[in-house]
Amino acid sequence: MGKTPTVANQVLAGHGTTIFAVMSSLAATHGAINLGQGFPDEDGPEDVRQVAAEATRDGPNQYPSMMGVDALRQAVAAHDNRFYGLNVDWQRETMVTSGASEALASCMLGLLNPGDEAILFEPLYDSYLPLVERAGAAARLVRLEPPDWRLSEVALAAAMNNRTRVVVLNSPMNPSGKVFTEEELEMIADWVHRKGLVAVCDEVYEHIVFDCLKHVPLMTLPDMRAHCLRIGSAGKTFSLTGWKVGYITAPEHLLRTVSRAHQFLTFTTPPNLQMAVAYGLNKEAEFFAALSSDMQAKRDFLRDGLEGIGLQVFDSFGTYFLNADVSSIGFAGGDEEFCRAMTREARVAAVPVSAFYRDGDVRHLARFCFCKKRSVLAEAIHRLARWKRAA
């Protein structure tokens, strides 16, 4: 009898199963309302879905161009011009990916070499670190501290060295809900320009920004056009997360490099979904404004409910997420223990924010997702209040 294979990539094996899958499985086991994983509980616009259905029926349903269908690439360029004043050559400076996650993977694999370093801002979206390390590079973490998550130039400068090649910027930022200020963006831009770095800009929540703030792509700052790759997501913009359609805007020299990785990952993305997203990106400005205002109303509703049971809730200026200090209601354990107990006993699931730190040493925060129906949020608040009273 032969030996059982034990081969595994050491980098990925060391990261284990994503916390989103763990908490979603626990939520399903206990019949909990899942405020952990960031997906809406309502499908996106009917007209966008109808275009996808018609494109499936009418075809073609064969491989589209590796770079994406012309209609979507043109729509991405037009969108970037309409909202940010960027003049984009759609034929040379846009590429469609199978979700923003694949866009990030293509960027890390295409841009980084063994021995290089990438700067990541912590708390960080959970895929960044394994993607950097799988590319053979090392991550230098710059920690942002709650409650305001302000970026320190001293900390940023300390992370820089002659091996630094990439800065990964996520704004609006998951999980913190932070929107980087103009001053912070200028600080990052100065270092990127001065050191000749590349900025990979994860901007999937670009249209989910609150309190009259505006999303400002790093690419729009002076001298940044040649240094930035800008990643967008149809999943977030149209509440169609299962479609996994993303897109990159970048100068030709950077996009050509990243496309070499893309061709060996997914190669291409379903053409029917691309056609529907192209239609969606051409929607009137009122659609995008309504997305932001609707999410802000849900944020406010959940924030008020969490504060009503005694949790200290930090400001969220964008994304789907609120963070709360679990110690503020007298919970003595860590955030993972809190989230597991809350899922089992209150039947409401959240995500422990320690999962967004490499060392897991920040253990007092839980992330709640508010991109749900108001009735669902109301029931979650009711369950949490009952749990709190019974404690």
Side-chain angles (χ1 to χ4, degrees), residues 5-19 66-67 95 97-144 151 155-170 173-174 188-204 218-219 224 226-231 246 248-268 355-361:
T6 58
V7 176
N9 178 266
Q10 294 179 355
V11 170
L12 299 181
H15 286 277
T17 303
T18 172
I19 190 63
M66 180 188 85
M67 300 299 289
M95 183 173 76
T97 59
S98 291
S101 295
E102 191 252 302
L104 288 162
S106 294
C107 287
M108 303 312 177
L109 293 173
L111 296 169
L112 292 169
N113 289 296
D116 289 344
E117 293 189 359
I119 291 177
L120 308 177
F121 298 109
E122 197 176 38
L124 45 81
Y125 183 63
D126 72 332
S127 74
Y128 296 166
L129 188 57
L131 288 176
V132 167
E133 293 179 345
R134 187 64 188 90
R140 296 291 293 263
L141 302 183
V142 176
R143 181 166 292 191
L144 311 181
L151 173 61
L156 181 61
M160 297 280 178
N161 59 53
N162 60 9
R163 294 182 298 278
T164 307
R165 298 290 180 268
V166 167
V167 176
V168 180
L169 175 64
N170 178 207
M173 186 183 189
N174 174 17
I188 295 168
D190 179 61
W191 278 100
V192 167
H193 184 257
R194 191 188 322 170
K195 295 285 190 178
L197 308 178
V198 175
V200 175
C201 301
D202 179 351
E203 302 179 19
V204 298
L218 190 70
M219 183 180 280
M224 282 295 99
H227 292 265
C228 294
L229 298 108
R230 201 183 88 78
I231 298 172
I248 302 176
T249 300
E252 183 178 9
H253 69 284
L254 291 179
L255 195 64
R256 186 187 312 115
T257 299
V258 170
S259 71
R260 294 183 185 125
H262 165 70
Q263 69 182 330
F264 297 123
L265 289 172
T266 60
F267 181 73
T268 191
F356 298 89
Y357 290 84
R358 178 165 60 184
D359 297 329
D361 57 331

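These numbers come from a predicted model, not from an experiment. Numbers here are sequence positions counted from 1.
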Side chains of L141 and D359 in contact at under 4.5 Å (non-hydrogen atoms):
no
Taking every non-hydrogen atom, the tightest pair across V167 and F121:
CG1-CE1, 3.9 Å
Let me see the working for V258 and L111 under side chain to side chain contact (heavy atoms under 4.5 Å, CB included), right down to the final yes or no.
CA-CA 7 Å; V258 170; L111 296 169; 4.1 Å; yes
When you measure from the side chain of H227 to the backbone N and O of L197, does any donor-acceptor pair fall under 3.5 Å?
yes
Which distance, rounded to the nearest 0.5 Å, do you find between the CD of E122 and the OH of Y128?
13.0 Å
Side chain to side chain, C228 and R230, heavy atoms closer than 4.5 Å:
no
Nearest heavy-atom pair of L12 and P130: which atoms, and what distance?
CD2-CB, 4.3 Å
Quick one: does C107's side chain get under 4.5 Å of I231's, heavy atoms only?
yes
Calculate, to the nearest 0.5 Å, the distance between atoms CE and OG belonging to M67 and S259 respectively.
5.0 Å
Rounded to the nearest 0.5 Å, the CE atom of M108 sits from the CG atom of L129 at a distance of 10.0 Å
For the CG atom of L156 and the CG atom of D190, what is their distance to the nearest 0.5 Å?
9.5 Å
Working for side chain to side chain contact (heavy atoms under 4.5 Å, CB included), residues L124 and N170:
CA-CA 8 Å; L124 45 81; N170 178 207; over 6 Å; no
Nearest-0.5 Å distance that lies between atom OG1 in T164 and atom NZ in K195:
7.5 Å
Are any non-hydrogen side-chain atoms of I119 and M160 less than 4.5 angstrom apart?
yes
Does N161 reach the side chain of R140, with side-chain heavy atoms less than 4.5 Å apart?
yes
Write down the atom of T257, the atom of G110, and the distance for their closest heavy-atom approach.
CG2-O, 3.0 Å
Can you find a heavy atom in the side chain of L120 that is under 4.5 Å from one in the side chain of R358?
no
What are the two closest heavy atoms between L218 and C201, and how far apart are they?
CB-SG, 3.9 Å
Is there a side-chain contact between R165 and N113 in this structure, where contact means two heavy atoms from C-beta onward sitting under 4.5 Å apart?
no
Would you sort out whether H262 and I248 count as a side chain to side chain contact (heavy atoms under 4.5 Å, CB included), showing the intermediate values?
CA-CA 11 Å; H262 165 70; I248 302 176; over 6 Å; no
Drop me the distance from H15's NE2 to L131's CG, to the nearest 0.5 angstrom.
9.0 Å
Between S106 and E102, is there a side-chain donor-acceptor contact under 3.5 Å, judged purely by atom types and distance?
yes
Walk me through whether Y125 and V204 qualify under side chain to side chain contact (heavy atoms under 4.5 Å, CB included).
CA-CA 12 Å; Y125 183 63; V204 298; over 6 Å; no
Between R143 and D361, is any pair of side-chain heavy atoms under 4.5 Å apart?
yes
